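Note sheet for the following structure.
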Amino acid sequence: MFFLPYKGRSLIAGQLVDCYRNLHTDNGYSIRCAKTGLVLAHCSTVQLKNAKFVVSEAGRQKTVQEKRKRVHAYIRGELVSYNEHVPMGFKKVLYNPYHTTLFTDEKTNKPIFKAEDVFCSGKYAYYSGGENDAYSISEMVDQEQGQLSLCF
């Protein structure tokens with residue numbers, strides 16, 4: 001496991017941060033300050049609480065059109081720790097801009113919007129206490145206008 005502060009910046013437990021997979025590190029993550037947008041550190045794993053799963057639709061569209069990866073999806077939450085192992089009982093989250101417009105649960109394929117606890121580790125994120133079971137969502141993309149509609 002690794003932890004590299006970026007440009008001497010520091011992290012504080014409880015700080016509101018954005019976490020996203022960094023393709024330039026070996027299965028690592030970037031931690032960015034949600035308030036300033038500055039990258040604070042790079043590390044192997046990140047634990048967040050009170051997390052929201054965020055996808056910029058404009059960024060996703062650009063990624064799909066250009067077939068070039070860019071930061072357009074992240075998990076925002078309060079920093080708990082980094083470089084911890086994922087506990088048992090957490091569910092795997094998937095996101096692929098070419099196949100879906102939102103983060104989804106690996107087994108149910110239902111969108112994930114929020115979670116009490118999230119671990120980002122390796123190529124995936126893992127969550128517990130998520131808000132997705134209350135929704136019966138089918139995703140429909142209007143092909144003519146390229147807009148996403150969520151049907152509850």
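Source: prediction; values computed, not measured.
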State, to 0.1 Å, how close [X] and [Y] come at their nearest heavy-atom pair, and which atoms those are.
X: Ala73; Y: Tyr20; answer: O-CB, 3.7 Å
X: Leu102; Y: Pro111; answer: CD1-CB, 3.7 Å
X: Tyr95; Y: His72; answer: OH-NE2, 2.8 Å
X: Tyr126; Y: Ser121; answer: CE1-O, 3.8 Å

Any side-chain heavy-atom pair from [X] and [Y] closer than 4.5 angstrom?
X: Lys92; Y: Lys123; answer: no
X: Val71; Y: Arg32; answer: yes
X: Arg68; Y: Thr63; answer: no
X: Cys19; Y: Leu48; answer: yes
X: Ile31; Y: Leu11; answer: yes
X: Cys120; Y: Ile75; answer: yes
X: Cys43; Y: Met1; answer: no
X: Val86; Y: Tyr124; answer: no

Test your reading of the model: is there a side-chain donor-acceptor pair from [X] to the backbone of [Y], 3.5 Å cut-off?
X: Gln61; Y: Ala58; result: no
X: Thr104; Y: Asn109; result: no
X: Arg76; Y: Lys52; result: no
X: Asp117; Y: Gly129; result: no

About how many Å separate [atom2] of [Y] and [atom1] of [X], when rounded to the nearest 0.5 Å?
X: Phe2; Y: Tyr29; atom1: CZ; atom2: OH; value: 10.0 Å
X: Glu78; Y: Gln15; atom1: CD; atom2: CD; value: 11.0 Å
X: Lys49; Y: Glu116; atom1: NZ; atom2: CD; value: 11.0 Å
X: Asp18; Y: Leu38; atom1: CG; atom2: CG; value: 11.5 Å
X: Lys35; Y: Leu16; atom1: NZ; atom2: CG; value: 10.5 Å
X: Ser30; Y: Arg21; atom1: OG; atom2: CZ; value: 11.5 Å

Quiz prompt | Donor + acceptor pair across side chains of Glu84, Thr45 (<3.5 Å) | solution =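 On atom types as modelled, these side chains do not qualify, holding no pair under 3.5 Å.
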Practice problem: May I have the step-by-step check of side-chain contact (heavy atoms from CB on, under 4.5 Å) for Phe113 and Val54, ending in yes or no? | Solution: CA-CA 8 Å; Phe113 300 102; Val54 181; over 6 Å; no
Quiz item: For the rings on Tyr127 and Phe90, is their centre-to-centre separation under 6.0 Å?
Solution: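 Centroid separation for Tyr127 and Phe90: 6.0 Å or greater.
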Quiz prompt | Aromatic ring proximity Tyr82/His42, centre distance under 6.0 Å | solution = no
Going hydrophobic residue to hydrophobic residue with side-chain gaps under 4.5 angstrom, can you get from [X] over to [Y]?
X: Leu79; Y: Val118; answer: yes
X: Phe53; Y: Val46; answer: yes
X: Val55; Y: Val93; answer: yes
X: Ile112; Y: Leu94; answer: no

Practice problem: Show the numbers, then the answer: is there a side-chain contact (heavy atoms from CB on, under 4.5 Å) between Tyr98 and Lys67? | Solution: CA-CA 9 Å; Tyr98 302 101; Lys67 295 182 180 167; 4.2 Å; yes
